[in-house]
Amino acid sequence: MSLLFSRASLASLGLALGLSALCLSPVTAQETAPAPAAPAAAPVDPNTVIATVNGQPLTEADLVLAEGELSQQFAQLPPEQRRAAALSAAIEIRVMAAKAVTDGLDKDPDFQRRMAFLQQRALHGEMVEKGVVDKVTDAEVRARYDQEIANTPPVNEVHARHILVKTKEEAEAIIKQLDGGGDFQKLANEHTSDPSGKSNGGDLGWFGPGQMVPEFDKAAFALEVGKYTKEPVQTQFGWHVIKLEDKRAKQPPAFDDVKDQAKQAVIRDKYFALVKSLRGGAKVEIPDANLKKAVDTLESAK
């Protein structure tokens, strides 16, 4: 599916969506039953003071923020060390920042421009989160999925076998044996140079358009069920004799398998709609004609 199921990136939005997965391994009857889960820790008041730096409190909320902002730096640390590392980093940042203020670095014009940009970017992120992401409903995500399914033309997929050999002459000899009543699976086990097909009769399983190299794809999809290619098919891998076992309509992915991608598509559309609305009401002037043209081209592509 061209849009919804292509793992579309949201990097252009300046929005990072963190998706975490929990993998559970089944416990067999022979395994020891897992120990009872430890009781959940009581929630910590975000205003709890964890440390003071030059008399200024550093709270639990400050520490959580530091852990989140610096998570990549702490990724290689054992979990039990990350909290201490985050606190150490937060203290380091506080004392260095205080020294920078004492030295007047906060008055530097370049620093102030950078701070203004960082504030604007942070506010942009808050607007995306609160004004776009948090407002996406389950009904909208399901509707987007249904829309994509309805707009996607039906596609066939095929179940095929093949025999791969090095030369055209070898392939022609195999076709002659098939014409004389030879068993395709037996001939595949005996002659194919495809390692994965030597024990399963050259079975390739089910595949859709575009999953094989073009020459193979074209030949396989042109066959009738139960028929094999009467002429060898050449690809970059060698010469093939292909047999079509079956054909069916490809089923669309289940909603639960792609709902995260559907949600990303809804978020993207809502984001660009909001940007378009706000840009339409903003007075934007770009004196450089070439730069304005380039920006307009980028905007029209969104």
Side-chain angles (χ1 to χ4, degrees), residues 1-9 19 21 23-30 144-262 264-265:
M1 299 191 173
S2 60
L3 174 63
L4 174 53
F5 308 120
S6 61
R7 302 263 178 209
S9 171
L19 304 176
C23 299
L24 301 177
S25 300
V27 179
T28 65
Q30 291 76 23
R144 181 53 183 263
Y145 167 83
D146 291 340
Q147 174 191 332
E148 291 291 338
I149 296 299
N151 292 342
T152 301
V155 175
N156 282 332
E157 58 182 358
V158 297
H159 176 197
R161 297 178 185 273
H162 81 137
I163 302 171
L164 175 63
V165 291
K166 293 182 179 179
T167 68
K168 183 178 181 181
E169 290 72 23
E170 289 177 277
E172 289 174 335
I174 289 170
I175 291 172
K176 281 187 178 182
Q177 292 184 65
L178 290 171
D179 291 341
D183 181 84
F184 194 98
Q185 295 186 45
K186 182 180 178 181
L187 289 170
N189 289 340
E190 292 174 354
H191 298 287
T192 189
S193 60
D194 180 358
S196 64
K198 282 188 170 294
S199 59
N200 66 358
D203 193 357
L204 293 169
W206 290 94
F207 56 90
Q211 289 183 250
M212 300 295 180
V213 292
E215 303 89 347
F216 191 103
D217 192 86
K218 182 179 179 180
F221 277 88
L223 286 169
E224 295 180 13
V225 173
K227 303 296 185 180
Y228 55 87
T229 51
K230 294 297 186 177
E231 296 291 336
V233 177
Q234 185 180 21
T235 72
Q236 65 202 66
F237 303 105
W239 293 86
H240 306 258
V241 181
I242 307 167
K243 181 183 178 184
L244 185 65
E245 294 286 352
D246 204 356
K247 185 180 294 186
R248 69 186 180 189
K250 186 175 182 180
Q251 295 300 307
F255 173 69
D256 286 343
D257 292 339
V258 294
K259 63 182 179 182
D260 288 337
Q261 294 164 256
Q264 289 182 16

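Computed from heavy atoms alone, side chains included, the values below leave out hydrogens, waters and symmetry copies.
- For Glu148 against Thr152, the heavy-atom pair with the smallest separation is O-OG1, 2.6 Å.
- Nearest approach of Val165 to Ala171, heavy atoms of both residues: CG2-N, 3.5 Å.
- Here the closest heavy-atom approach between residue Pro252 and residue Ile149 is recorded as CB-CD1, 3.4 Å.
- Considering all non-hydrogen atoms of both residues, Val258 and Pro253 come closest at CG1-CB, 3.8 Å.
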Which atom pairs, one a donor and one an acceptor, fall under 3.5 Å between side chains of residues 208-223 and the rest of the protein, sequence neighbours left out?
| residue | atom | partner | partner atom | Å |
| --- | --- | --- | --- | --- |
| Gln211 | OE1 | Gly208 | N | 2.5 |
| Asp217 | OD1 | Gly210 | N | 2.9 |

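- Not counting sequence neighbours, the partners of Phe255 by the ring-ring contact (aromatic ring centres under 6.0 Å, His included) test are Tyr145.
- Here the CG-OG1 distance, from Leu164 to Thr192, works out to 5.0 Å after rounding to the nearest 0.5 Å.
- Under the rule for a side chain to side chain donor-acceptor pair (under 3.5 Å), the partners of Thr167 that lie at least two apart in sequence or sit in another chain are Glu170.
- In terms of heavy-atom proximity, Ile174 sits nearest to His191 at CD1-CB, 3.9 Å.
- Side-chain atoms of Asn151 come within 3.5 Å of backbone atoms of Gln147 as a donor-acceptor pair (strictly under, hydrogens ignored).
- Evaluation of the side chain to side chain contact (heavy atoms under 4.5 Å, CB included) rule for Asn156 yields Lys247, Ala249 as partners, not counting sequence neighbours.
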Only distances under 3.5 Å count here; give the side-chain donor-acceptor pairs of residues 238-246 to other protein atoms, sequence neighbours excluded, each with its distance to 0.1 Å.
| residue | atom | partner | partner atom | Å |
| --- | --- | --- | --- | --- |
| His240 | ND1 | His162 | ND1 | 3.1 |
| His240 | NE2 | Thr235 | OG1 | 2.7 |
| Glu245 | OE2 | Arg161 | NE | 2.8 |

Inset, instruction - Please test Leu187 against Leu178 for side chain to side chain contact (heavy atoms under 4.5 Å, CB included), starting from the C-alpha separation and ending with a verdict. - result: CA-CA 9 Å; Leu187 289 170; Leu178 290 171; 3.6 Å; yes
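- Looking at Ser196 and Asp194, their side chains do bring a donor and an acceptor atom within 3.5 Å of each other.
- The neighbour count for Glu231 CD, taken as heavy atoms of other residues, nucleotides or ligands under 6.0 Å away, does not exceed 12.
- Judged by distance alone, the side chain of Tyr228 and the main-chain N or O of Asp179 form a donor-acceptor pair under 3.5 Å.
- Here the NZ atom belonging to Lys186 is positioned 9.5 Å from the CD atom belonging to Gln177, to the nearest 0.5 angstrom.
- For the ring-ring contact (aromatic ring centres under 6.0 Å, His included) test, residues two or more places apart in sequence or in another chain that qualify with His159 are Trp206.
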